[in-house]
Amino acid sequence: MTRPTTDAVLEIDALSKTFGGVTALDAFTMSVRRGDIVGLLGPNGSGKTTSFNAVTGIFPPSGGTVRFDGADITGLSPQKVYAAGIARTFQRSRLCLPLSIFDNIMIGNHGRLTKGLWFNLMRRRAFRREFEQGYEDARALVRTFSTALADRLFEPVGALPMIERRRIEICRALISRPRLLLLDEPSAGMTHDETTQLMDDILDVRGRIEGLSIIIIEHEMGVIERITDQCVVLNYGRKICEGPYAHIAADPEVQRAYLGAE
Ligand SMILES: Nc1ncnc2c1ncn2[C@@H]1O[C@H](COP(=O)(O)OP(=O)(O)OP(=O)(O)O)[C@@H](O)[C@H]1O
C-alpha cells in the first residue's frame, strides 16, 4: 500500500493553555501529515496530555488554532471533534470492566448509529442489521490485533490482561473510523515485552487503515523509535525540538531537558 504523506491532516498553530498561574502549553505549533505516526515526547508535566485535551475539546485552549483536514476545529466540543474524525485513548483506562469486549467497543460507535429507541423497538429487522454490522466491524477490528481475542467478544473486559485492555481501547477509538488517532501513553503500566507487542500492533493498524494518522504520547523515548515517522518534544509546555527520531534523540537540548544529561 502506498501512503500519501505530503498533505497535513492536523495543523496546530500557537496553541496555549493556562490553568490559573500554570502555563501548561505555550504557543505550541506542530503539524501531522496524512498517514504518519508522530511521537509526542517530553518529561512528566511537559504538556503532552494538555495538547490532546486542547485539540479534542476537553479544555478550550487559551489561545491559538487547530485545523483538521483544512477546517478550523478550535474550541469545538469533544462530540464535534470526534464527529469530525479525531478519536483518542486516555492514559488511564476508561473501559467498563464488567461489560463485554463488544459492549466496550460499541460505546465508541454511537456516532455511527443513527436509530433511536423508538426505531429500534418498531423496526426490529433494521435494528438487527445494524447490530450485525456493528458486530462484524468490531470483530474485524479486534482480529487486526488478535484472532483469539476476536473469538471472545462477549467476555468481560475485566478478565483480560493489560495489553488486551489497551488493544480494546484502541479498537473502541477505531470503530468510529477516525482519520486521526490520538494515543495517550498506551504503554503505561505494561511490561517491556507487552510494549514491544503493542508498538507492532500500532504499526500494523496504520498499515491496514489507509490514510490513518496517529499521534502517540510517550515519555520513554526509546519505545517509539522504530514506529514514528516524526517526533515532537515538549518541555515546560514549549516545543523544544522536532524531526525524525534520530534527530531529536541527538539534540543537546532534548538530552538536557529530557534525559537529564549535562
Ligand atoms: N486540569 C488541570 N488543572 C491544573 N493544572 C493542570 C491540569 N492539567 C494539567 N495541568 C498542569 O499542566 C502541566 C502539564 O500537564 P500535562 O498533564 O499536560 O503533562 P504531560 O506531559 O502529559 O505529563 P505526564 O507525562 O506526567 O502525563 C502540569 O504542570 C500539570 O500539573
Side-chain angles (χ1 to χ4, degrees), residues 10-32 37-66 68 73-79 81-82 86-95 162-163 165-166 169-170 173 180-192 194-195 198-199 202 213-225 227-228 230-243 245 248-249 251 253-261:
L10 183 74
E11 295 161 286
I12 297 176
D13 187 30
L15 199 65
S16 297
K17 180 66 193 171
T18 53
F19 296 102
V22 176
T23 302
L25 210 54
D26 190 0
F28 176 48
T29 295
M30 73 173 278
S31 68
V32 178
I37 300 180
V38 176
L40 185 55
L41 296 148
N44 286 335
S46 56
K48 304 179 298 293
T49 297
T50 300
S51 73
F52 275 15
N53 288 340
V55 167
T56 56
I58 289 182
F59 301 132
S62 314
T65 58
V66 182
F68 178 61
I73 61 160
T74 317
L76 291 187
S77 67
Q79 292 80 1
V81 172
Y82 164 83
I86 302 179
R88 68 173 289 182
T89 65
F90 293 85
Q91 198 172 340
R92 292 215 187 102
S93 174
R94 304 284 170 111
L95 294 172
M162 184 59 84
I163 183 165
R165 294 186 193 182
R166 291 274 181 225
E169 287 185 282
I170 295 173
L180 176 64
L181 175 64
L182 307 180
L183 299 174
D184 193 347
E185 212 176 329
S187 70
M190 293 204 303
T191 64
H192 178 75
E194 287 175 331
T195 301
L198 193 71
M199 294 304 133
I202 292 168
S213 310
I214 299 173
I215 307 179
I216 176 170
I217 288 180
E218 184 51 62
H219 77 256
E220 267 187 53
M221 290 189 48
V223 165
I224 53 172
E225 176 176 5
I227 72 161
T228 49
Q230 294 290 317
C231 292
V232 173
V233 188
L234 282 168
N235 196 25
Y236 296 112
R238 295 188 68 87
K239 180 172 73 181
I240 57 168
C241 193
E242 68 185 326
Y245 182 85
I248 60 117
D251 184 89
E253 196 179 352
V254 173
Q255 290 175 2
R256 257 195 313 278
Y258 200 119
L259 304 173

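When a ligand or atom number is given, it counts from 1 through the structure's own listing order.
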Student: Is the side chain of T74 donor-acceptor paired with the backbone N or O of V66 at a distance under 3.5 Å, no angle test?
Tutor: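 At least one qualifying donor-acceptor pair exists.
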Student: Using a 4.0 Å cutoff against the non-hydrogen atoms of P43, which atoms of ligand 1 qualify?
Tutor: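 Listed by number with element: 21 (O).
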Student: If you measure from each non-hydrogen atom of S51 to ligand 1, which part falls under 4.0 Å: side chain, backbone, both or neither?
Tutor: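 No part of S51 is near ligand 1 at this cut-off.
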Student: What are the atoms of ligand 1, with element, lying closer than 4.0 Å to any heavy atom of Q91?
Tutor: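 Those of ligand 1 that fall under 4.0 Å from Q91 are 27 (O).
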Student: What residue and heavy atom of the protein are closest to atom 6 (C) of ligand 1, and at what distance?
Tutor: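 Ranking protein heavy atoms by distance from atom 6 (C) of ligand 1, first comes F19 CD1, 3.3 Å.
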Student: Below 4.5 Å, heavy atoms only, C-beta onward: do P43 and N235 meet side chain to side chain?
Tutor: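 They are in side-chain contact.
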Student: L41 versus I224: any side-chain heavy-atom pair under 4.5 Å?
Tutor: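 Result yes, sub-4.5 Å side-chain heavy-atom pair found.
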Student: Considering only protein heavy atoms, which is closest to atom 29 (O) of ligand 1, and at what distance to one decimal place?
Tutor: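 Nearest protein contact, heavy atoms only, for atom 29 (O) of ligand 1 is V22 CG1, 3.9 Å.
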Student: Below 4.0 angstrom from a heavy atom of F59, which ligand 1 atoms are there? Numbered from 1 as shown, please.
Tutor: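 In order of number, 1 (N).
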Student: Would you sort out whether Y236 and D26 count as a side chain to side chain contact (heavy atoms under 4.5 Å, CB included), showing the intermediate values?
Tutor: CA-CA 8 Å; Y236 296 112; D26 190 0; over 6 Å; no
Student: Taking C-beta and beyond as the side chain, do V38 and M30 meet within less than 4.5 Å on heavy atoms?
Tutor: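 Touching, per the 4.5 Å side-chain cut-off.
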Student: Which residue and atom name correspond to the protein heavy atom nearest atom 21 (O) of ligand 1, and how close is it?
Tutor: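 Its nearest protein heavy-atom neighbour is K48 NZ, 2.8 Å.
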Student: Taking atom CG of L40 and atom CZ of F28, what is their separation to the nearest 0.5 Å?
Tutor: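 So the CG of L40 and the CZ of F28 are separated by 5.0 Å.
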Student: Check the pair I227, I214 against side chain to side chain contact (heavy atoms under 4.5 Å, CB included), reporting the backbone distance first and the verdict last.
Tutor: CA-CA 10 Å; I227 72 161; I214 299 173; over 6 Å; no
Student: How about I248 and M221: do any of their side-chain heavy atoms sit closer than 4.5 Å?
Tutor: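 Touching, per the 4.5 Å side-chain cut-off.
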Student: For the side chain to side chain contact (heavy atoms under 4.5 Å, CB included) test, which of I163, T195, I202 pairs with P186?
Tutor: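 Of all the options given, the one that passes is I202.
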Student: To check you understand the geometry: which heavy-atom pair defines the closest contact between K17 and F59, and what is its length?
Tutor: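 Between these two residues, the closest heavy atoms are CE-CB, 3.8 Å.
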Student: Which atoms of ligand 1 sit under 4.0 Å from any heavy atom of T50?
Tutor: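 Ligand 1 atoms under the 4.0 Å threshold to T50: 9 (C), 14 (C), 15 (O), 16 (P), 18 (O).
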Student: In the protein, what heavy atom is nearest to atom 14 (C) of ligand 1, and what distance, to one decimal place, separates them?
Tutor: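 Scanning the protein heavy atoms, the shortest distance from atom 14 (C) of ligand 1 goes to G45 O, 3.4 Å.
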Student: Please report whether atom 9 (C) of ligand 1 has a protein non-hydrogen atom at a separation of less than 4.0 Å.
Tutor: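 Yes.
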Student: Nearest protein heavy-atom contact for atom 12 (O) of ligand 1: which residue, which atom, what distance?
Tutor: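 Here the closest protein heavy atom is A24 CB, 3.2 Å.
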Student: Among all protein non-hydrogen atoms, which one is nearest to atom 17 (O) of ligand 1, and what is the separation to 0.1 Å?
Tutor: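 Here the closest protein heavy atom is T49 CB, 3.9 Å.
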Student: Look at ligand 1 and say whether G20 reaches it with a heavy atom at a distance under 4.0 Å.
Tutor: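 G20 does not count as a contact of ligand 1 under the 4.0 Å cut-off.
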Student: Looking at atom 26 (O) of ligand 1, is any protein heavy atom nearer than 4.0 Å to it?
Tutor: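 Under the 4.0 Å cut-off, atom 26 (O) of ligand 1 does have protein heavy-atom neighbours.
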Student: Among the heavy atoms of S46, does any lie under 4.0 Å from an atom of ligand 1?
Tutor: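 Contact present.
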